[in-house]
Trainee: 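Once you've had a glance at the structure underneath, I'll fire off some questions.
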There are 2 protein chains.
Amino acid sequence: MSARRSELTRAAARLFAEKGYHGTSVGDLAKALGVQKGSLYAHIESKADLLWEVASEGAAAFHAALDSVPEDAAPVDRIRDALRAHLRVVAEQLDVATVFVREWRYLEGERRDAFVAERRRYEERFRALFREGRELGQLRTDLDDGTAALLALSAANWAYTWLRPGSDTDALADRFTALLVDGMRGYATR
Amino acid sequence: MSARRSELTRAAARLFAEKGYHGTSVGDLAKALGVQKGSLYAHIESKADLLWEVASEGAAAFHAALDSVPEDAAPVDRIRDALRAHLRVVAEQLDVATVFVREWRYLEGERRDAFVAERRRYEERFRALFREGRELGQLRTDLDDGTAALLALSAANWAYTWLRPGSDTDALADRFTALLVDGMRGYATR
DNA sequence: CCGCCTTCCGAACGATCGTTAGCCTCCAAG
DNA sequence: CTTGGAGGCTAACGATCGTTCGGAAGGCGG
């Protein structure tokens, strides 16, 4: 992919995140590149292509982040690492993450279906961390792991609204993990 | 406000939630009422009025929900009640809640400023529950109440994406609260 | 019965939308 | 030296956007 084309994708991510997909016109994208809007069609077939591309980039980034979590570590450590990895993606690729979380729903047809499947798969991988943690006995055996995963995923998915680039996302993820593990009333058990 | 006008506001909430503010045309709104689009201007001055109205309705609903939390109850109970109240609003007014959480950012000018102030005030009221819980000693004294509030608010604000009308929101809120209080590893202390 | 108010229609407004077309320029590979 | 592709231009397309306007029903209070 040409350098110009990459610039276009980056501009699309930024503008879609800032003004929304339907709030961003092809003219806006052209202006961001300093070009007439008709010229963009040397690079794309339609505006929808850009949304698909940015959304796919987001899916790839989050899956790659989860891939970095070691499979043989202790469950609590894996949960902490998964949260670290997720928040790092959000902070380092905020525009892409925003499109991944909020703007994907303007995808249409089979692209939408394909994206939803990838998104569901990501959340399922996340959920599995909690289920395995309970099954392996490192988390309380009566844990409601579905609720725990939902709570963690809520924090992860909501992060794009408040997380700013440059934040110490590892520390943030560790605070979330500590709270999830020990709670607000319990006392440290280690 | 006339009955017809209320119908229009409800249709706007539904369509803005389903297709987004910029993805909803005045023609779409007119079709929902079975009317020509020009006819809507007997009720409103602009499309932006409807967004403002729905967003304001959401702010009022969430603040009213927090008002229902008794001030003299124990901190943990107040947190549980606040979560219950919030999730109940989401489930019972899903469209309005969706606009309140996601579509408000297309407000412009002083309306946007006013909304942001109301939203910040709501989150601040929520945060105070955790801070007071720590200060009053019912939560661990070394609690990171900012992180705890962020976690709870994330769950609350993300709920519109998965919560369906008719869910048992009280039970849901109780599960969230139990997890926040006791954690995934701790054992019940009562 | 009159006049007003609400509600809607049908038509049109200018602006902007996403997209296409034909033409031009530049540069690198053959 | 030629040629072809990449990238950009200007102009225009039909569609749709949010909004305005004049007129006309219909009901309701005076």
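Labels below follow one simple rule: chain letters A, B, ... track the order of the sequence lines, proteins then strands, and each chain is numbered from 1.
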Trainee: Please encode protein proximity along nucleotides 3-25 of chain D as a string of B, S and -, counting only heavy-atom distances under 4.0 Å.
Mentor: ----SSBB------BBBB-----
Trainee: For A:Y106 and A:F16, I'd like to know if the aromatic rings sit close, meaning centre-to-centre distance below 6.0 Å.
Mentor: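 Centroid distance A:Y106-A:F16: not below 6.0 Å, so no.
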Trainee: Flag the pair A:F115 / A:F100 as yes when their ring centroid distance falls below 6.0 Å, and as no otherwise.
Mentor: yes
Trainee: Verify, without hydrogens or angle tests, whether B:T24 (side chain) and B:K19 (backbone) share a donor-acceptor contact under 3.5 angstrom.
Mentor: no
Trainee: Return a table of donor-acceptor pairs under 3.5 angstrom between the side chains of residues 59-69 of chain A and protein atoms on other chains or two or more places apart.
Mentor:
{"unit_1": "A:H63", "atom_1": "ND1", "unit_2": "A:R125", "atom_2": "NH1", "d": "3.0"}
{"unit_1": "A:H63", "atom_1": "NE2", "unit_2": "A:E118", "atom_2": "O", "d": "3.3"}
{"unit_1": "A:H63", "atom_1": "NE2", "unit_2": "A:R121", "atom_2": "NH2", "d": "3.4"}
{"unit_1": "A:D67", "atom_1": "OD1", "unit_2": "A:R125", "atom_2": "NH1", "d": "3.2"}
{"unit_1": "A:D67", "atom_1": "OD1", "unit_2": "A:R125", "atom_2": "NH2", "d": "2.7"}
{"unit_1": "A:S68", "atom_1": "OG", "unit_2": "A:A65", "atom_2": "O", "d": "2.6"}

Trainee: Separation of A:Y106 atom OH from C:dG18 atom C1', in whole Å?
Mentor: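 Roughly 18 Å, once rounded to whole Å.
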Trainee: Please confirm whether A:R84 makes a cation-pi placement over A:F176, using NZ or CZ under 6.0 Å from the six-membered ring centre and within 45° of the ring normal.
Mentor: no
